[in-house]
2 protein chains.
Amino acid sequence: MEQMSDKKTAIFKSTMELVRENGFHGTPMSMIAKHAGVAAGTIYHYFESKEQLICELFCYAQQQAVAVVERETSVNEPFKACFFKLWMGLYTFYRDNPDLLRFFEQFVNSPYQATMPPLEEDRFYSLLFAFLEQGVRERELKEVSPKILAMLTHSSILSIAKTAASGRLSFNKKELQQIQQLLWDGIARNH
Amino acid sequence: MEQMSDKKTAIFKSTMELVRENGFHGTPMSMIAKHAGVAAGTIYHYFESKEQLICELFCYAQQQAVAVVERETSVNEPFKACFFKLWMGLYTFYRDNPDLLRFFEQFVNSPYQATMPPLEEDRFYSLLFAFLEQGVRERELKEVSPKILAMLTHSSILSIAKTAASGRLSFNKKELQQIQQLLWDGIARNH
DNA sequence: CTTCCCCAATTGAACGTTCATTCGGTTTGC
DNA sequence: GCAAACCGAATGAACGTTCAATTGGGGAAG
């Protein structure tokens, strides 16, 4: 990503934070502007419309998630260790970025979802697919479609992170390890 | 639930359908009214406000999901069979009610989430907890907190149903059975 | 059985507010 | 001195909500 203007970044950050607190509706452009310390008109210097802002913000957020997957899967370690690292890496990322997580979930459950590319072109899922496919190829994982493995893996991460972020439940380190282990027990080949 | 007026049901159904298509914002009261075949004012005869309508609709929707869990877990069968039935029952319910599913997801990721009771008082999760706790007690499932088992189970159902509903991926019967089996392999005790 | 009345249900135009967006002007960096 | 960045009051459309007026069904009175 070419480096962004400070203002643009501020607008992104403010939008995520405010959407988390007030929801997608309930976050007027004027509020974003004030929070980001810019004038309302300035937002329109960087973004065509509110819709465009939201969509670009989604891409921006997704790129950060993609970076996490890239970082964690490029390690040169046994597959199993890599899998656990990836799980924990993504979980930590979501937990430490609750604004992003919430925005993400709102987006994919909104009509904007239609503007997303099909799964095959989705960089995030492509990376996840590829990684899990590798696990199947190396006979570490059961002979199951990588898309299924990807859904199970990611959904476990998301649901735990969401529940923790909402404060409705919390999980200690031991429990997190248990969760990863349960998931692994489910998808791994038993030698 | 005491029986509802036809109009109230029509308003509920229309709201769910329109929220699915247009999102939470993007669904004005006037649109709900027209779609439900009533005047705008009529909605305010049944509901205090748009917010109230949304919240009551969530309760209404959740009761339907609760009914599915009750139906599937009350069967007098071995735990494992019951577990598979519950998974499939909930999945089928969500798949056949995509409007409800989408509305549900929008709601829990919005600021309205704060109006929900804590998890312990949540009838849906209480039932799920109790059922999985039974599995632990009967030594069918690993000695893990039922809340963890509940999250993993429900998140797998939701993510598969959501992906299928959005048309981004589809799953045939064999794949659905595979998914349940993977999940079971993860959480079941190996005798 | 008819008439009358009551009140809950229903209507939809009107109101006031909020919001996304615009635009003429100002500042800043080069 | 000239773009590009930035400002923020003004604009007009859209929306949630209100309310005065209308309807309709059912029970009481005759």
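On a predicted model such as this, the values are computed, not experimentally measured, just so you know. Here is how names work: the chains are called A, B, and so on, in the same order as the sequence lines, proteins then strands, and each is numbered from 1.
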- Query: Would B:Lys85 and B:Glu77 pass as an ion pair if we require N to O under 4.0 Å?
  - Reply: yes
- Item | Distance flag, aromatic centroids of A:Phe79 and A:Phe84, threshold under 6.0 Å | no
Between the protein and nucleotides 14-21 of chain C, which nitrogen or oxygen pairs come in under 3.5 angstrom?
residue: C:dA20; atom: OP1; partner: A:Lys50; partner atom: NZ; Å: 2.5
residue: C:dA20; atom: OP2; partner: A:Met29; partner atom: N; Å: 2.4
residue: C:dT21; atom: OP2; partner: A:Tyr44; partner atom: OH; Å: 2.6
residue: C:dT21; atom: OP2; partner: A:Lys50; partner atom: N; Å: 2.8
residue: C:dT21; atom: O5'; partner: A:Tyr44; partner atom: OH; Å: 3.3

Are any protein N/O atoms closer than 3.5 Å to N/O atoms in nucleotides 3-5 of chain D? If there are, list each pair with its distance.
residue: D:dA5; atom: OP2; partner: A:His45; partner atom: NE2; Å: 2.8
residue: D:dA5; atom: O5'; partner: A:His45; partner atom: NE2; Å: 3.2

- Query: Roughly, in whole Å, what's the span from NZ in B:Lys8 to C1' in C:dT10?
  - Reply: 16 Å
- Interatomic distance, A:Ile32 CD1 vs D:dG8 P [rounded to whole Å]: 17 Å
- Identified ring-ring contact (aromatic ring centres under 6.0 Å, His included) partner of A:Tyr91 from the options A:Trp87, A:Tyr94, A:Phe93: A:Trp87
- Geometric cation-pi criterion B:Lys7 and B:Phe12, 6.0 Å radius, 45° cone: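 No, B:Lys7 and B:Phe12 do not form such a contact.
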- Task: Find out whether the Lys NZ or Arg CZ of A:Lys162 is both under 6.0 angstrom from the six-membered ring centre of A:Phe104 and within 45° of the ring's axis.
- Result: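 A:Lys162 over A:Phe104 ring: no.
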- DNA chain C contacts made by residues 10-25 of chain B, counting heavy atoms under 4.0 Å: none
- Item | Heavy-atom side-chain proximity of A:Lys142 to A:Val136 below 4.5 angstrom | no
- Euclidean distance, B:Lys147 NZ relative to B:Leu132 CG, rounded to 0.5 Å: 14.0 Å
- Task: To the nearest 0.5 Å, tell me how far A:Arg95 CZ sits from A:Leu176 CG.
- Result: 8.0 Å
- For atom CZ of A:Arg139, decide whether the heavy atoms of other residues, nucleotides or ligands shown that lie under 6.0 angstrom number more than 12.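 12 or below, so no.
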- Item | hydrophobic_cluster_shared for A:Ile54 and A:Met4, side chain cutoff 4.5 Å |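 Cluster IDs for A:Met4 and A:Ile54 match.
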